[in-house]
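Okay, so here's the structure we're looking at.
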Amino acid sequence: MAENRGYMQRYAMLFGTYMGGYWILKFILFPLGLMVPFLLFLFAGLTVCVPFMGYYYTRMYRNHVCGGNIGFLQAWIFTVFMYIFAALLTAVAHYIYFRFIDHGFVINTYETMLDSFSQDNIPGVEIYVNQLKDALAVMQTLTPIDITMQLMSQNVFYGSLLAIPTALFAMRKKQEASNE
């Protein structure tokens, strides 16, 4: 089992690197999508594909390293590790973007959207717009490292939750040989 744990870490790092690269490429579409709405739609579509990639990589680990058999706990731990490694790699890209590239673009774009939305004079929306403006004011106080840590912790949290159904689908018990 100790040898298998070493393989688990190696493969989680490898597949986490692949997934982190995918997340970084997907993240590039987010700020661009604020200017071109189709790219934001593409970003959302690619985000929906993440659990399927996680299942695919977990299944590859099960079939190539575990001999086709994996329990729930081992599949869950592997998937969580994979998401953690992906989140660490993606955090580097998030920090670079928010520290050197963004300069308040995302927050300013959201403020502009809220201002145009509040001018539509839809009854009952003012309360929600004011709450969102307050939230944006708080977000403006965050440093790039604060934003990066928040995004990384969200990725790890959601990844650990996504690992539950992934492990349930990927687990496979050993088949007992029948003596017929």
Side-chain angles (χ1 to χ4, degrees), residues 12-60 79-167 169-170:
M13 289 173 73
L14 177 68
F15 294 144
T17 301
Y18 294 158
M19 179 135 352
Y22 176 79
W23 287 1
I24 290 169
L25 293 174
K26 184 177 67 79
F27 174 71
I28 292 169
L29 296 175
F30 177 72
L32 295 174
L34 295 176
M35 296 181 290
V36 180
F38 173 75
L39 295 178
L40 198 57
F41 179 72
L42 184 60
F43 169 80
L46 292 173
T47 300
V48 170
C49 294
V50 167
F52 298 103
M53 286 181 66
Y55 169 73
Y56 176 75
Y57 290 142
T58 304
R59 197 182 70 192
M60 282 182 60
T79 309
V80 168
F81 279 0
M82 180 179 58
Y83 283 127
I84 288 171
F85 289 121
L88 287 170
L89 182 61
T90 308
V92 173
H94 286 158
Y95 180 76
I96 290 170
Y97 174 76
F98 286 109
R99 174 70 174 93
F100 300 108
I101 300 169
D102 183 65
H103 302 296
F105 170 74
V106 172
I107 298 292
N108 293 336
T109 303
Y110 279 136
E111 277 184 326
T112 304
M113 287 180 189
L114 277 177
D115 289 339
S116 68
F117 189 66
S118 64
Q119 292 174 358
D120 291 342
N121 294 326
I122 301 171
V125 172
E126 309 87 31
I127 296 169
Y128 299 111
V129 169
N130 290 335
Q131 287 177 346
L132 289 172
K133 285 184 179 182
D134 291 342
L136 283 176
V138 170
M139 285 196 279
Q140 285 178 328
T141 64
L142 298 176
T143 65
I145 195 71
D146 292 336
I147 296 168
T148 300
M149 295 304 289
Q150 179 67 31
L151 291 172
M152 186 176 72
S153 64
Q154 284 178 354
N155 285 337
V156 170
F157 176 73
Y158 293 133
S160 63
L161 290 180
L162 283 173
I164 295 169
T166 301
F169 284 114

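Count residues from 1 along the sequence. FYI, side chains are in, hydrogens and waters are out, and symmetry mates aren't considered; it's all heavy atoms of this structure.
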TODO: Please identify each residue that fulfils ring pair (Phe, Tyr, Trp, His ring centres under 6.0 Å) with F30, with sequence neighbours left out.
DONE: F43
- [ ] Only counting residues at least two apart or in another chain, list the ones meeting ring pair (Phe, Tyr, Trp, His ring centres under 6.0 Å) with Y57.
- [x] F15
Atom [atom1] in [X], atom [atom2] in [Y]: separation rounded to 0.5 Å?
X: M82; Y: L162; atom1: CE; atom2: CG; value: 9.5 Å
X: I107; Y: T112; atom1: CD1; atom2: OG1; value: 11.0 Å
X: N108; Y: L34; atom1: CG; atom2: CG; value: 11.0 Å

Restricting to side-chain contact (heavy atoms from CB on, under 4.5 Å), what partner residues turn up for [X], sequence neighbours left out?
X: Q131; result: I127, Y128
X: T143; result: I145, D146
X: T166; result: Y55, T58, T79
X: E126; result: none

Open item on the list: According to salt bridge (Lys or Arg N to Asp or Glu O under 4.0 Å), does anything in residues 130-142 pair up with another residue at least two apart or in another chain? List the pairs.
Closed with: D115-K133
In residues 85-103, what donor-acceptor pairs under 3.5 Å come from side-chain atoms, sequence neighbours left out?
| unit_1 | atom_1 | unit_2 | atom_2 | d |
| --- | --- | --- | --- | --- |
| T90 | OG1 | A86 | O | 2.7 |
| Y97 | OH | D102 | OD1 | 2.9 |
| D102 | OD1 | F105 | N | 3.4 |
| D102 | OD1 | V106 | N | 3.2 |
| D102 | OD2 | G104 | N | 3.0 |
| D102 | OD2 | F105 | N | 3.4 |
| H103 | NE2 | F100 | O | 3.1 |

Open item on the list: According to side chain to side chain donor-acceptor pair (under 3.5 Å), does anything in residues 22-51 pair up with another residue at least two apart or in another chain? List the pairs.
Closed with: K26-T47
Open item on the list: Minimum heavy-atom separation for G54 and Y83, please, with both atom names.
Closed with: CA-OH, 3.9 Å
Task: Residue list, side chain to side chain donor-acceptor pair (under 3.5 Å) with E111, at least two apart or on another chain - done: Q140
